[in-house]
2 protein chains.
Amino acid sequence: MEDEIDLFRFFIREKGLRNTPEREEIIREIFATHDHFDVDELYLRLRQKGSKLSKASIYRNIPLIMTCGLIREVWHEDGHMHYEHIYGHHHHCHLRCVKCGKIIEFVDDTLNALEKNLEKKYHFKVLDHNLDVTGYCKGCIGARERKGPTSILGGY
Amino acid sequence: MEDEIDLFRFFIREKGLRNTPEREEIIREIFATHDHFDVDELYLRLRQKGSKLSKASIYRNIPLIMTCGLIREVWHEDGHMHYEHIYGHHHHCHLRCVKCGKIIEFVDDTLNALEKNLEKKYHFKVLDHNLDVTGYCKGCIGARERKGPTSILGGY
DNA sequence: TTTACTGCAAAAGGTTTGCATGGGT
DNA sequence: ACCCATGCAAACCTTTTGCAGTAAA
């Protein structure tokens, strides 16, 4: 945890910005769990702990926390963005169950080789990659078959 | 083009829904170009051709057109979703330049092998995968170096 | 004839922004 | 003292929805 804070302080100082208790509070809460998160969830967690931090401050600071390499966007779902920790984690990708929302993280080294190939082939400087695999998890495969194929249509 | 329409008609009939001129108009416009698209862009293209189609109808029909397998969501950028054709295309992934927005499509078969491994390892039924690789394209690598590393911060 | 589909406009929900206040440096 | 960062509320933008009219089957 202190590693993340130290990294952030260094980043802030180097950019000539200001360190504030609010900013550290946000980072501490983000890294208080190992899970993915979204803005609303983070805001509620802070509120429950008695924090007076505003959502606006979260929205204003997230780009900063991304830029310094602590977190990144992972996917857009249910109308809002979801984030995950980068710092202290191997770069990993996600299996997402579209039925129950379960997330399985996996590491795959072939993607690094792929990145290298792409850089060579297209003269591209790769910053990041994000592989999002969707489907049905073990527990939901049966449920899907019972409900029948039309269930995917929702309202239609 | 007629292939897409035929597939959609079959899908609609099978679901017991109704085929309308508006629905075919949307599909024809989507497949009028080979490019990725978003809702607003599609709406403006239709407008310019004199169509009276409403945005609401586009929003209401996109899930349907996704479900029948003609298009899919590719990424969320600039506050809205972007889509691409599936029908008649090999499953491909994207290199995206974060500076100029250039898109390079590439096909990579190792991802199919990866999918199979994931299915086996996690007892997962994979529906789709989406690999989004971001970075700087050939033309923007120089520009990035000239502007310096702080440019990525934008407003900050 | 039934009822799904459309257009319109309003609502909803996430994110951004203007402004006055407060606080880091 | 300067001016960046915050909280609040309003604004903004994309997407969804209620409703009344229209048209496909």
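We name chains A, B, ... by the order of the sequence lines, and we start the count at 1 in each one. Since the model is a prediction, treat every value here as computed from it, not as a measurement.
Looking at residues two or more places apart in sequence or on another chain, you find a ring-ring contact (aromatic ring centres under 6.0 Å, His included) between A:F31 and A:H85. Taking B:D6 as the reference, B:R9 meet the salt bridge (charged side-chain N to carboxylate O under 4.0 Å, His left out) condition, with sequence neighbours excluded.
If you take CD of A:E41 and P of C:dT15, they are 13 Å apart, rounded to a whole angstrom. The interatomic distance linking A:L64 (CG) with C:dT15 (P) rounds to 17 Å, in whole Å. Nucleotide C:dC5 holds its P atom 14 Å from the CD atom of B:E24, rounded to whole Å. Here D:dT6 presents its C1' atom at 10 Å from CZ of A:R23, a figure rounded to the nearest Å. Rounded to whole Å, the distance from CZ on A:R9 to C1' on C:dT25 is 15 Å. Rounded to whole angstrom, the span from the CD atom of B:E22 across to the C1' atom of C:dG7 amounts to 9 Å. In this structure, A:Y43 places its OH atom 13 Å from C1' of D:dT6, rounding to the nearest Å. Nucleotide D:dA5 holds its P atom 17 Å from the CD atom of A:E25, rounded to whole Å.
Checked by distance alone, A:R18 brings a side-chain donor or acceptor within 3.5 Å of a matching partner on the base of D:dC3.
Close placement of the A:H94 and A:H92 rings is indicated, their centers lying within 6.0 Å of each other. B:W75 has its ring centre less than 6.0 Å from the ring centre of B:H36.
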Checklist outcome for this item: Heavy-atom contacts, protein to nucleotides 8-17 of chain D, under 4.0 Å, summarised as B (base), S (sugar-phosphate only) or - (none) per nt, yield B-----SBBB
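A:K125 forms no cation-pi arrangement with B:Y136, by the criterion of a distance under 6.0 Å to the ring centre and an angle within 45° of the ring axis.
Take the nearest nucleotide of DNA chain D for B:I12 and for A:S57: the residue whose nucleotide is more 5' is A:S57.
Under 4.0 angstrom from either OP1 or OP2 of C:dG23 there lies no side-chain N or O belonging to A:T20. At D:dT6, one or more side-chain N or O atoms of A:N61 fall inside 4.0 Å of OP1 or OP2 (strictly under the cut-off).
B:R45 contributes a side-chain N or O that, together with a main-chain N or O of B:E29, makes up a donor-acceptor pair within less than 3.5 Å. Checked by atom type and distance alone, the side chain of B:T67 pairs as donor or acceptor with a backbone atom of B:P63 at under 3.5 Å.
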